[in-house]
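Throughout, residue positions are numbered sequentially from 1 according to the sequence presented.
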Amino acid sequence: MENLSVAIVGGTGKLGGAIGLGLGAPGVRIIFGSRDAEKGKKAVETLKPTLRAGEMVGLTNQDSNRGGGYGVIAVPYEGHAQMVQEIKG
């Protein structure tokens, strides 16, 4: 897997963190999205020491969606519709 990007919107919680760590591999860029960019960056700081390979960055939900080749919505089902509207802009 080379030059693969995965955006995990709403990804700063336990679900998003677990998905991101599971996807960690050489050549994979994992982008954690949050409503607050600083929260996304903090999630990366917390998870990076346990990442086995790949790269992690933290951005806003909208910015993470633009940067990912694939997208994962990591919020409870009840929040999906709101999240889709939020990342559409």
The residue among Ile8, Asn65, Val84, Leu15 that forms side chain to side chain contact (heavy atoms under 4.5 Å, CB included) with Ile73 is Val84

What do the steps show when you test Asn61 against Ser64 for side chain to side chain donor-acceptor pair (under 3.5 Å), and what is the final call?
-> CA-CA 5 Å; Asn61 284 328; Ser64 69; 4.7 Å; no

Steps toward side chain to side chain contact (heavy atoms under 4.5 Å, CB included) verdict (Val9, Val72) = CA-CA 6 Å; Val9 295; Val72 176; over 6 Å; no

Heavy atoms of Val75 and His80 approach each other most closely as O-NE2, 3.1 Å

List the atom of Ala37, the atom of Thr60, and the distance in Å for their closest heavy-atom pair.
-> CB-CG2, 3.8 Å

Sorted by chain and residue number, the salt bridge (Lys or Arg N to Asp or Glu O under 4.0 Å) partners of Glu38 (sequence neighbours excluded) come out as Lys41

Could you tell me which non-hydrogen atom of Leu47 sits nearest to which non-hydrogen atom of Gly17, and how far apart they are?
-> CD1-CA, 3.7 Å

Distance (rounded to the nearest 0.5 Å) between Lys88 NZ and Met83 CE = 14.0 Å

Do you know which two heavy atoms are closest between Val44 and Gly58, and how far apart they sit?
-> CG2-N, 3.5 Å

Pair up each side-chain donor or acceptor in residues 20-35 with any protein partner under 3.5 Å, not counting sequence neighbours, and list the distances.
from: Ser34; atom 1: OG; to: Asp36; atom 2: N; distance (Å): 3.3
from: Ser34; atom 1: OG; to: Asp36; atom 2: O; distance (Å): 3.3
from: Arg35; atom 1: NE; to: Glu86; atom 2: OE1; distance (Å): 3.1

Any salt bridge (Lys or Arg N to Asp or Glu O under 4.0 Å) pairs touching residues 10-20, not counting sequence neighbours?
-> none

Closest non-hydrogen atom pair, Gly11 against Ala74 | CA-CB, 4.4 Å

